Every structure is written in structure tokens, then in C-alpha cells.
Number of protein chains: 2
Amino acid sequence: MGQRKSGHVTLLDIASASGFSVSTVSIVLSEAPLSLNVAATTRAHIRTIAQQLGYHPDAYARSLRRRSTQTIGILAFDLSDPFCIPIMRGIQEGVNAAGYLPLLMDAQTQRKLFDSYLHMILERRAEGVIVIASWVFEETNLLGDIRKNNVPILIVGRDLVARGISSILVDNEAGGALATRHLAELGHRNIAVIRGPQEMCDSEPRWTGIRKVAAQCGMHLDERLVLELPGLAGPASGFEGGVRFAKQMLATGCHFTAVLAFDDLTALGVVRGLAESGLRVPEDCSVMGFDDVLPAEVATPAMTTIRQPLREMGLEAAERVLQAIRSVPGKAEKARLHKTNPELVVRMSTAPPSRTIATKKPKRRART
Amino acid sequence: MGQRKSGHVTLLDIASASGFSVSTVSIVLSEAPLSLNVAATTRAHIRTIAQQLGYHPDAYARSLRRRSTQTIGILAFDLSDPFCIPIMRGIQEGVNAAGYLPLLMDAQTQRKLFDSYLHMILERRAEGVIVIASWVFEETNLLGDIRKNNVPILIVGRDLVARGISSILVDNEAGGALATRHLAELGHRNIAVIRGPQEMCDSEPRWTGIRKVAAQCGMHLDERLVLELPGLAGPASGFEGGVRFAKQMLATGCHFTAVLAFDDLTALGVVRGLAESGLRVPEDCSVMGFDDVLPAEVATPAMTTIRQPLREMGLEAAERVLQAIRSVPGKAEKARLHKTNPELVVRMSTAPPSRTIATKKPKRRART
DNA sequence: AACACCGGTTCAAACGTTTGAATCAATATA
DNA sequence: TATATTGATTCAAACGTTTGAACCGGTGTT
């Protein structure tokens, strides 16, 4: 079954083909310090043979012997969330630069897969682990094992400092504030808000930011227009939620000129819901998202949103674990929280409020 | 530097803690056939100790000895392309079911990274490789090395059968035909087409399918309305291309009632371009995409498109390499091409042609 | 009493590398 | 001439597993 038996070329093959010992071949091909002592002709000879045999060192044997794998595990809770990709790329950039190899896994929102991949990461002796948990993420008891084997771990997208794990996430309160201030400056006074699910740590601070600025600007937050996404379903469900809530808001008959959605997908759902009720964005109602993922950018009208510096967060994450790895003996430094700065991206989905009320009768026939 | 030295628990640790030999411990923990011979009390004892020490077998040592890594390399040319995700998931599903571990890598459209990751895959002794090459993909000479080490390889999203590599991709001609027929049935007679870049193997057959059905249905394909995306830029550039081409089409003054875009992102670009010229979709002009990725689904109006059975393609890919792995001794079976069936997904971006000409003067002010 | 058998356990070699120490011939130093 | 130095190469042990073969004390068969 194991197909290496027949397959791969080893040092021994090259040794016998070249007439030198395995040691010499190893020294040459791995460019060990000792290779300076090896005759230039020998070096060349060995290299040629290796080349033409298509030799690639066996990472398993090498790591076993060297007692180092140069590997960082990246475990994404849901890689289909566009949110993950830039983070992941930032991480890659960081670890590659340090000569580390990222070991990428996608738990597909399944707790079972998450655990099993965490196992894998441990068994593969990753020297550090970065978890990307964009959505609801139940903690696993494996985190204990990780610590027991003292592998540095870090999480981005969730605050687990309380559990002793360094975390990186956007400053949600600032983000919520930024969004609200943008609407206020456009002249909106009556806004609807779709909050994130309770299970997500982003939800609360974002809401706080919104409330503070709203109060400060004299905006009205009608509680009938403050809805909350359910937590159980996956990230894609944000869209459905947006559609449903938009209609629900209109049904209340309350006056509003803008909707602040929890994230971009929800915002896109709101746009759809409004459209199905015959309302246009931004003419009849402004809509804002959060995150700045691809679908928000390519939608028409392009979505005004709050960008998370995802790539930078990934980079930061990489640097943090690498640093933790380098200083292992000094044992775990205290878990720290790192907040990054969100940024307002103004596009086409927001505009000054129109004189017409959002709940007035549809002007065009609804599209189903 | 290598932090395992201090870190991980080994069989030896458990052996000395339990008083049994390393062999016995290994036999128990790896559930080898011999473990039936081990006294039940011994088994329990060893297991408990392993548990409480947080033991995880070292995949490196194990694979080295077993001469099998149970690993499949997945190399995506650009994981930020939403197209890749479902394929990747299909693959995962397939390999997981067979007890294999996917080794996922993202080349980020960079040739250099692609090569270096292919190296990694070889060094990590993946027993098979699946390449997901959604976009332009220059072949690398490393493919030779892969064969030299006789690792089965397969590519999805590109036809490399000519180079002796089994390939899986959608039946593009059928897809093009499907799209065209849909527009014909709605009553469109004058359509504009945005072809894919020449470098992509999807472009030509898709165009063939379009031409055949167009001829068959008596549709007019004005050559001034047939444009071609440039090939050098990345997938994200499809959007820009769509925006630009939409305006270009309008500028020709030619009559058209629908646009058939190469892929969903391009189609979204077209929608934007039309909107910026004051035209609505689908009232003033229908637009179709291809692929059925997330942004197409959550846009408003939702995009009518041709779905590729991506997940199934991934699954198929997994099964194919696994089968190839199982039958190594029988040497490489002939490289085969597998075409999957596309499917029409009718949403809101297409409608019967309006009586007004697409090129008539804008009705609303343009949005910039 | 000699033998085979069996349950339970351990020996020892192997997987493909790396690397500190050893070897050995040749040259330089005392 | 004996001794150190150097340059080029090899020895051999080790990394943490797995596993075929060996061991060993006991019971059952003849």
C-alpha cells in the first residue's frame, strides 16, 4: 500500500550511484557547514546525479532527525467564508518569510473535523498553531493537549484571552462607531440595525460602538428596528437573515432611512429584501456592511462597508507565533489581545436620506 | 530552535511511566493486530497513562517506518477564487473518507510559490497530487519530477491530457450552448458576448457552444459585440473587464438585448458598467454569468448563470487519484479527460427583451 | 518425560536523514 | 624523524516508530 517503497529516490541511491558515502551525499545536498570541506568536484558530481535522479529529500526522515519540522498549522473554521482568505494569505506571507511551511486545514464549520484536524496538527508536530475562527466557534478540549505539548497557539477573529490564548481581532467598537458616524454625517437620523448573533464576540462591542455614536449624534434607535441574527446557522445564512429582516423592518411601519448590517453578506441580503419590496439602494434607503469581502465590492451598487485589515491581521498573527516559537524556553508569555483598526470604505450603497419615507408604498412592482 | 526536543511526549515516556517496553506500548496505542494478545489490564493501563500525558504519535516517525504517509497534496493556483472552494471541499470529502489527509496549499497565482509548494508536496511524500488551476496556469517542469517519483497527479479546471495528465473539467461547449439556448428561449436575438482569454482552455469550447446554438436559433452575433478578456491579469480582473466592455458595447451603438459574460465576476462587472450608464438589469438588458460562485448568488438582481458541479468534480478527482494510488504497480494508466455536465441556474438577471433598445438614452442619471 | 502450543511480552532491526567524532593520507612544523 | 595540522571522507548513533522474530513460563497432549 505505502507507495514509497517502490517510488522515491533516497540518499542511498545517490550514494551508490556516485561511489561516495551516504554521509558525504547528505552533507553536500543539505548544504551543511561541513560541505565547505568537500571537494568541489565531488560536490558537483553528487549534485548532478541527484538532479538527474530527481531526488527530493524526505521531509519525514529529515524532520525526525533534526527534531524540527519548520511547520505552522493554520486551522480555518470555515474557509468558504471570504473573510478567511486574506487572513490566511497574510499568515502565509509571514511564515514563508521565516522559512516555515504553512499546513492549511479547513474545518468546514464541523466541530468533528475541527478536532480531527487539530489532532493532525499535533501529530505532524507543527511548531505553532493559528486558528482562524470567523464564525461561532465552540472551544474544544484539545486546546488542553496543545498546551500540554507546549505548542504556541493563537487565534484570530475571536477573543480567547480569558482562556489564556493570544487573540487578534478588529476593534469592533471602533468599527461600529465609524459606520454610525458615516451615516450620521450623511444626515441619517433614523437607522435600523441588524446585530450579530450573541455567540459571536464581535456582536456586542460593535453594538456598543453604534450606540455610543448614535447617542452622541442624536440619532434615534427604535428598538423595533434593532434585530439580531440567529447564531446557530453558518455564515452564509447572514444573507438569508438580511433578506428576512429587511422585510420585517418594513412591516413594522417604522420610519428609517438606513440599515446598518452586521456584515457584508447580511447587508447584501438587506439590499435584496428591499429590492423585493420595490425599494432601491441608496435612493430609498442606505445600507452598510462590515468586513469588506469580495461580494460587497462587486455588487451593484457597490457596498459601503467597514474594512477589516485582514491581511495585516494574518501577518501579525504569523509574527506573533513565530516569536513565541523562538522563545519557547522562556515558557508561555502572557496571552495578549491585539486589536486592529477598521477603516471606512465609502462606496455607492449609502447616500443622504431621501425625503420619502422608507416604508412608503413600493414604486415599482416587486421582484420575486 | 527545534522545539520538539523539550516538548512532545514519546512512546519511551509512556514505556518508562508504565513499566512496559516501548514495543508493547506501541502495539497497544497503534492498535496493531498483535494488541489482541496483550492483556486487557495492560492495555487499559497503558491507555490511561498515554491519555494523561497527552500523547500524540509522531506522524513523522510513524510514516517513516510505515513507509506510507496517507497524504494527498492539494495545490490550488489561487484559493481566493471562489471557484476553488467547493472543488477543494469535494476533494477533502473524498480523501477523508478514504482515511487520507489533505495537504492544502495556495499558490496565490505566483509561479514561484507554485513551484516551491510542489517541492514541498514531493518532500512530504504525498502519495498523490491534485492541482486546481482555475485560471491561467503555466506548466512547470516540476511535473517531470513528479512523474519521476511516480506520484499520481491529476488536474481539475484545465485540460492537460496532452501532457499525459488526467484532467477534470466542465463540458464548456455544453455550458455555452445551455446559456445561449436560455437567452434564445426568452426571445433574445441580438446578444453580446464576452469571451474568456485565449490562454484559458475554457474559452474556446464555450464560444463554440455559443456559436452553434446561436446559428441554430437564428441569433445574430455581431462581431463588434464579441469581445475578449485579456489573459495576463488575475481572475479578479474579470470584473474590471466586464465594466469596461459593457461601456464599450454601448459605445458601438449596436443593438443588443443581452450580454453573455465569460464568468460570474465578469457578468457582475457588466451589470455595474450598465448601471453606470443608467441601464437596469434585467429590464433594459439581460446578463448571464458562468460558474455560479457566491457573489453571483448574493447580488441583486441574483445572477442567472451556468453552474459547474464543482463539488462533484472535486470528489471525482479524489476518487481518481486514490484509485491510481491503489494500483501503483500497474504503472500509470492512460491519462483521461473527464467532462462534467453544467447546469442552467435561472435567477433574476435575465428576462425577455424589452421593446426599448439597450442603447437608447439613459433614463436615470448615471451612478459613478 | 518429551513435546508442541499459547498468551503475553520484549528484542532488534529498519525507515531516510543528520552530525559529532573518527579515520586516513598528505603536507607543514618542530 | 616524530608530531601536529589540514583536507576529504566515512563511521556510527540517533530521531520515534513499527513489526517479524524470539523469548519465556505455563498448560495440554502424547
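Please read these numbers as outputs of a predicted model, since none were measured by experiment. Letters A, B, ... mirror the listed sequences (proteins, then strands); counts begin at 1. Values below: all heavy atoms of this structure, side chains included; hydrogens, waters and symmetry mates excluded.
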Among the candidates [options], find the nucleotide nearest to the side-chain atoms of [X].
X       : options                : value
A:Tyr55 : D:dT17, C:dT17, D:dT10 : C:dT17
A:Val22 : D:dT17, C:dT18, C:dG16 : C:dT18
B:Leu64 : C:dT9, D:dA8, C:dG16   : C:dG16
A:Asp58 : C:dT17, C:dT9, D:dT17  : C:dT17
B:Ile27 : C:dT10, D:dA12, C:dT17 : C:dT10

So, is [X] close to the [N] phosphate, meaning a side-chain N or O under 4.0 Å from OP1 or OP2?
X       : N      : answer
B:Thr42 : C:dT9  : yes
A:Ser26 : C:dG16 : no
B:Arg66 : D:dT18 : yes

What is the distance from [atom1] of [X] to [atom2] of [N], rounded to the nearest Å?
X        : N      : atom1 : atom2 : value
B:Glu31  : D:dT19 : CD    : P     : 13 Å
B:Gln70  : D:dT18 : CD    : P     : 13 Å
A:Asn37  : C:dG20 : CG    : C1'   : 14 Å
A:Asn149 : D:dG16 : CG    : P     : 13 Å
A:Arg124 : D:dG16 : CZ    : C1'   : 15 Å
A:Arg67  : C:dT19 : CZ    : P     : 12 Å
A:Leu34  : C:dA22 : CG    : P     : 15 Å
A:Leu12  : C:dT18 : CG    : P     : 14 Å

Using modelled atom types only, decide if a donor and an acceptor are shared between the side chain of [X] and the backbone of [Y] within a distance under 3.5 Å.
X       : Y       : answer
A:Ser30 : A:Val28 : no
B:Ser18 : B:Ile14 : yes
A:Arg67 : A:Leu64 : no

Practice task
Find out whether B:Thr71 and B:Tyr100 are in side-chain contact, i.e. whether some heavy atom of one side chain is under 4.5 Å from a heavy atom of the other.
Solution key: no
Practice task
Kindly say whether, by distance alone, the side chain of A:Arg65 makes a donor-acceptor pair under 3.5 Å with the base of C:dT18?
Solution key: yes
Practice task
Kindly say whether, by distance alone, the side chain of B:Ser23 makes a donor-acceptor pair under 3.5 Å with the base of C:dA12?
Solution key: yes
Practice task
Using a 4.0 Å heavy-atom cut-off across all strands, classify A:Thr24 as base, sugar-phosphate, or nothing.
Solution key: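 Base, at least one base atom sits under 4.0 Å.
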Practice task
Run the ring-centre check on A:His56 versus A:His8 and record whether the distance is less than 6.0 Å.
Solution key: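 Aromatic pair excluded; centres sit 6.0 Å or further apart.
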